[in-house]
Amino acid sequence: ENDFLLVEKYIAIDKKNYQTFSNEFTKQLLTICGELDVQLKFLCKLINPSSSSSKIKEYANDLLTTFPEINDFTIISKQNNQIEIQPWKDWTSSLSPNWWLDYQQVKHFRLDLDSTRHIFNYEKANLENTFFALSALFSIEMLIYKKLSTDEDEKLIIPSHSSSIFTFKDWANGQINLVDAVAYIE
């Protein structure tokens, strides 16, 4: 998050700037999605210790049966324009999110030309894809907190550092809104 917030000094987090690409976004997109891959695998193992899922579509098989609400997660930017995004909206076991597909193109074929969109794949390392990937990571980390607190029968787990960028829209559990904490209340 800190690296992403530093970029805001130069590029406003605004839909008008979504297609702005840079070497910094390349670095961040690769890092964020790499961490997201690790966290998705971890969450799959929390749900099913024998899970061997190792790809985004396989994670969908494991996670969408336990957490079908993932597709409906709406995350709001805390920044001045409060952009609402749904990073997992169309995710299924046969369809990856667009930002993930773009990440794969940046990771494996960065210098190739996307003849459909008439851009080089490195241009997909842009504000939009980085923003969506970071919001996806935020949502999965919050699900991990929720799963761990439920499994450990904890009344409340508060992340040591709440997000400076994101909050959930309309995601509540028990009597506490899950904006800055994930709660399990009996």
Side-chain angles (χ1 to χ4, degrees), residues 1 4 13 28-79 82-107 128-186:
E1 274 194 358
F4 186 80
I13 300 172
Q28 288 187 29
L29 185 63
L30 294 173
T31 302
I32 291 164
C33 290
E35 181 63 18
L36 182 58
D37 189 50
V38 170
Q39 296 302 325
L40 285 165
K41 190 176 296 183
F42 178 68
L43 185 55
C44 287
K45 291 266 188 200
L46 281 176
I47 294 165
N48 176 8
S50 63
S51 172
S52 61
S53 295
S54 62
K55 296 182 178 172
I56 191 85
K57 292 178 182 178
E58 294 171 1
Y59 301 143
N61 279 333
D62 288 355
L63 297 178
L64 292 174
T65 54
T66 305
F67 303 110
E69 69 273 17
I70 289 176
N71 292 130
D72 298 323
F73 281 169
T74 300
I75 298 168
I76 302 172
S77 163
K78 291 181 180 178
Q79 308 308 312
Q82 296 190 333
I83 299 169
E84 291 188 15
I85 54 180
Q86 292 181 292
W88 302 108
K89 184 178 180 187
D90 298 318
W91 187 36
T92 68
S93 59
S94 60
L95 183 64
S96 298
N98 287 335
W99 54 266
W100 184 268
L101 295 172
D102 284 351
Y103 152 70
Q104 290 293 320
Q105 294 299 303
V106 170
K107 181 179 176 185
E128 180 179 23
N129 286 329
T130 306
F131 193 49
F132 272 66
L134 190 58
S135 71
L137 179 59
F138 165 76
S139 67
I140 295 304
E141 288 175 341
M142 293 300 99
L143 275 179
I144 290 170
Y145 277 113
K146 181 178 181 179
K147 178 74 173 130
L148 289 172
S149 67
T150 302
D151 288 353
E152 299 298 320
D153 198 29
E154 295 289 327
K155 300 256 185 231
L156 178 68
I157 288 183
I158 300 172
S160 59
H161 178 73
S162 66
S163 175
S164 300
I165 302 173
F166 301 112
T167 187
F168 278 103
K169 178 180 182 180
D170 301 329
W171 189 35
N173 188 359
Q175 300 172 353
I176 295 178
N177 188 323
L178 294 177
V179 171
D180 294 315
V182 176
Y184 175 77
I185 299 177
E186 297 178 310

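Computed from a prediction, not measured in an experiment: that's the story for all the values here.
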Checklist outcome for this item: Correct closest heavy-atom pair for I144 and Q39 would be CD1-OE1, 3.1 Å
Next on the checklist: Minimum heavy-atom separation for W99 and C33, please, with both atom names.
Outcome noted: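 So the minimum-distance heavy-atom pair works out to CZ3-SG, 4.0 Å.
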Please enumerate all residues that pass side chain to side chain donor-acceptor pair (under 3.5 Å) together with [X], with sequence neighbours excluded.
{"X": "N71", "value": "none"}
{"X": "W88", "value": "S139"}
{"X": "S50", "value": "N48"}

Checklist entry - Can you tell which of I75, I76, I83, I32 makes a side-chain contact (heavy atoms from CB on, under 4.5 Å) with S135? => result I75
Item to check | Evaluation steps, side chain to side chain contact (heavy atoms under 4.5 Å, CB included), between L43 and L46 | outcome: CA-CA 5 Å; L43 185 55; L46 281 176; 4.2 Å; yes
Got a second to check how far [X]'s [atom1] is from [Y]'s [atom2], nearest 0.5 Å?
{"X": "Q104", "Y": "K55", "atom1": "CD", "atom2": "NZ", "value": "9.5 Å"}
{"X": "L36", "Y": "I140", "atom1": "CG", "atom2": "CD1", "value": "6.5 Å"}
{"X": "L137", "Y": "F132", "atom1": "CG", "atom2": "CZ", "value": "15.0 Å"}
{"X": "S52", "Y": "E58", "atom1": "OG", "atom2": "CD", "value": "6.5 Å"}
{"X": "K89", "Y": "N98", "atom1": "NZ", "atom2": "CG", "value": "10.5 Å"}
{"X": "I85", "Y": "E128", "atom1": "CD1", "atom2": "CD", "value": "9.0 Å"}

Checklist entry - More than 12 heavy atoms of other residues, nucleotides or ligands under 6.0 Å from NZ of K45: is that the case? => result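 Enclosed.
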Taking side-chain contact (heavy atoms from CB on, under 4.5 Å) as the test, write out the residues that go with [X], two or more places apart.
{"X": "K107", "result": "L30, Y103"}
{"X": "D102", "result": "R117, K124, N129"}
{"X": "T74", "result": "E84, Q86, K169"}

Can you give each donor-acceptor pair under 3.5 Å made by side-chain atoms of residues 59-66, sequence neighbours left out, with the distance rounded to 0.1 Å?
unit_1	atom_1	unit_2	atom_2	d
Y59	OH	D37	O	3.4
Y59	OH	D37	OD1	2.7
Y59	OH	S54	O	3.4
N61	OD1	S93	OG	3.4
D62	OD2	S51	OG	2.6
D62	OD2	S53	OG	2.7
T65	OG1	D62	O	3.1

Checklist entry - Can you name the residues that form a ring pair (Phe, Tyr, Trp, His ring centres under 6.0 Å) with F67, not counting sequence neighbours? => result none
Checklist entry - Taking it one step at a time, do F4 and I13 satisfy side chain to side chain contact (heavy atoms under 4.5 Å, CB included)? => result CA-CA 10 Å; F4 186 80; I13 300 172; 3.3 Å; yes
